[in-house]
**Student:** 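Provided herewith is a single structure, encoded as structure tokens, for subsequent inquiry.
All of these numbers come straight from a predicted model, not from anything done at the bench.
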Amino acid sequence: MRVAVIAAEAVPYSKTGGLGDVAGALPKALRQVGVDSLLITPCYLQTKSEYLWQTAIDDLWVDWRGGSYRAKVFYSEANGSPTFLIDAPEYFHRDSIYGYREDHERFAFFNHAALLLLRRIGQAPDIVHLNDWHCGFAAVELASNRKWDPYWSNTKTVFSIHNMAYQGVFGTEDLWNFGLGSDFARNAFMSNGAASAMKAGLEISDTLSTVSRRYSFEIQSPENGYGLDWLVRQRASRLIGITNGVDYDVWNPQTDPEIDAHFSLDNLDGKIECKRLLLDQFSLPIDLNRPIFASITRLTAQKGIDLMMQVAGEILEAGAYIISLGSGERAYENFWQRLRDHAPHQVGVYRGYNEKLAHQIEAGADMFMMPSKFEPCGLNQMYSLRYGTVPIVRAVGGLDDTVRNFDAVNGLGNGFKFEAYSADKFQEKIYEAIFAYGDKDTWRTLQRNGMSDDNSWENAARKYVELYEWTRRL
Ligand code: ADP
Ligand code: GLC
């Protein structure tokens, strides 16, 4: 079976969040279970040239906005699967990956170019696997093409929802500019008087998936459907939840090249050394008996930063450290900065994006805070589990599917989990965690339970294969 995965970001070529981790790892995992997969993603200014192994095509002519645009295509296997990177400097050589007024135009172009590329490669895939709103355009274009172009007649689309909160909404007048002005296309995009790329992908793709089982139900309710829950409910029989995997080649405390001491389930000594180095790096006094609470995240409301703000004082009062890595909304950045100024001996803050530091924090911290408002899957709680860093999470989306609340009596569970979006509930779990940390054996049990969980991509890849096979038969 041939599968083309299309995504706006993919590790190691580009990454702003979990989508990059997933899109980079899935094609490799698919190959390992026998699927002939390839990946198509943009070539950004941020894409390191060492990953652009060779030029695959230097004249991909893209008919666009009434003209013709000559794009280049690079080839690489740096993520472990054949990858084609579409190089269109006007659209993708910018200071950041997202955040421009014309993002919808940038990704509409990318989708159109990706389909032209698949035609040029010459063997139509059985499945085109699209990810998030950035790929809604291709769902519609492919479905339109299928009506008249026999090349696409056996190609089906799978659309994965990684985050329903971002929908790629724009003015309908642009649909003409993108070659999507037919009645069929307009109807697919139309959503409350505007065009929505997420809506188009949801409506037109042959099947749908979300990145955890629980999230597949959550987006059917108004609270998490962001205005499209009616459509998800309508298409629920074509929807399945598949929890993301972890790329244990990248996130493995036994071999991780980003950390200075290694450790495993059987020998956690290296973790203590990682903790010492982490405290030192943030110029914090080295007291290895106090726990470190960590957070690594985009600083947006989704991640429950306001709950962290409300409990931070109590954590400090209990004598623990807090380390935060992240950037995003100014108010949240300012909060962490002020907290550090207020308690410079207990708080370490790094504002920005830093891949190496993310690994060092996972390795050196004791607890990982993820009190998200909603969380389609979440990857950091799974990285934490493998690094013996105990997650404290809210029971939503993938956090609920991967974290089991600790039962101290029976020694079962891999973390701490609370239901209501409330600072009090979060705080209760923080106290429970501090209490458990105080007993070395209990803590070791918790760490072991998490470290022995198997969240590898192999399981997830097999479920995707089943999804693809079902989709082909439809
Ligand atoms: P989301 O995709 O919603 O941001 P996930 O938990 O799925 O959430 O994935 C986030 C990914 O981005 C993880 O790999 C995490 O380590 C990484 N990440 C987030 N913020 C930073 C940062 N400031 N520096 C380094 N890595 C980060
Ligand atoms: C989104 C979600 C996150 C998920 C990631 C990868 O960014 O916010 O929960 O893990 O996609 O699927």
**Student:** Regarding R214 and E218, does a basic nitrogen lie under 4.0 Å from an acidic carboxylate oxygen?
**Tutor:**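 Looking at E218 together with R214, the answer is yes, because their closest N to O distance falls below 4.0 Å.
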**Student:** Regarding D229 and S221, do their side chains bring together a donor and an acceptor under 3.5 Å, going by distance alone?
**Tutor:**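 On atom types as modelled, these side chains do not qualify, holding no pair under 3.5 Å.
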**Student:** Could you tell me the separation between the CG atom of L228 and the CE atom of M198, rounded to the nearest 0.5 Å?
**Tutor:**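 L228 atom CG to M198 atom CE measures 7.5 Å (nearest 0.5 Å).
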**Student:** Would you call E333 and R351 a salt bridge, using N to O less than 4.0 angstrom?
**Tutor:**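 Yes, this pair counts.
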**Student:** Would F137 and F107 count as a ring-ring contact (aromatic ring centres under 6.0 Å, His included) here? Give the steps.
**Tutor:** CA-CA 8 Å; F137 307 92; F107 292 105; 8.2 Å; no
**Student:** Between F109 and W64, is the ring centroid distance below 6.0 Å?
**Tutor:** yes
**Student:** Nearest 0.5 Å, what's the OH-CG distance between Y98 and D103?
**Tutor:**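 The distance works out to 9.0 Å.
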**Student:** Walk me through whether E466 and R472 qualify under salt bridge (charged side-chain N to carboxylate O under 4.0 Å, His left out).
**Tutor:** CA-CA 10 Å; E466 281 172 26; R472 276 174 84 182; over 6 Å; no
**Student:** For residues F418 and P371, determine if any side-chain heavy atom of one lies less than 4.5 Å from a side-chain heavy atom of the other.
**Tutor:**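 Side chain of F418 against side chain of P371, heavy atoms only: contact under 4.5 Å found.
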**Student:** Any chance you could measure L180, atom CG, to H112, atom NE2, to the nearest 0.5 Å?
**Tutor:**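 The distance works out to 9.0 Å.
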**Student:** Can E362 and N380 be counted as having a side-chain donor-acceptor contact under 3.5 angstrom?
**Tutor:**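 A pair is found: one side chain offers a donor N or O, the other an acceptor, under 3.5 Å apart.
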**Student:** Please round to the nearest 0.5 Å and tell me the distance separating atom SG of C377 and atom CG of L399.
**Tutor:** 8.0 Å
**Student:** Taking the side chain as C-beta and beyond, is there a heavy-atom pair between E273 and D260 under 4.5 Å?
**Tutor:**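 Contact flag for E273/D260 side chains = no.
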**Student:** Is there a donor in the side chain of T471 and an acceptor in the side chain of T207, or the other way round, less than 3.5 Å apart?
**Tutor:**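 On atom types as modelled, these side chains qualify, holding a pair under 3.5 Å.
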**Student:** Have Y421 and D306 got a donor and an acceptor in their side chains that come within less than 3.5 Å?
**Tutor:** yes
**Student:** Verify, without hydrogens or angle tests, whether D366 (side chain) and I292 (backbone) share a donor-acceptor contact under 3.5 angstrom.
**Tutor:** yes
**Student:** Are the aromatic rings of F84 and Y75 close, with centres under 6.0 Å apart?
**Tutor:** yes
**Student:** Is V347 close to D341 at the side-chain level, that is, under 4.5 Å between some pair of heavy atoms?
**Tutor:**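 Of all side-chain heavy-atom pairs linking V347 with D341, none is under 4.5 Å.
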**Student:** Please examine the side chains of N131 and I6, heavy atoms only from C-beta on, and report whether any two atoms are closer than 4.5 Å.
**Tutor:** no
**Student:** Are K463 and T243 linked by a side-chain donor-acceptor pair shorter than 3.5 Å?
**Tutor:**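 No pair is found: no donor N or O on one side chain lies under 3.5 Å from an acceptor on the other.
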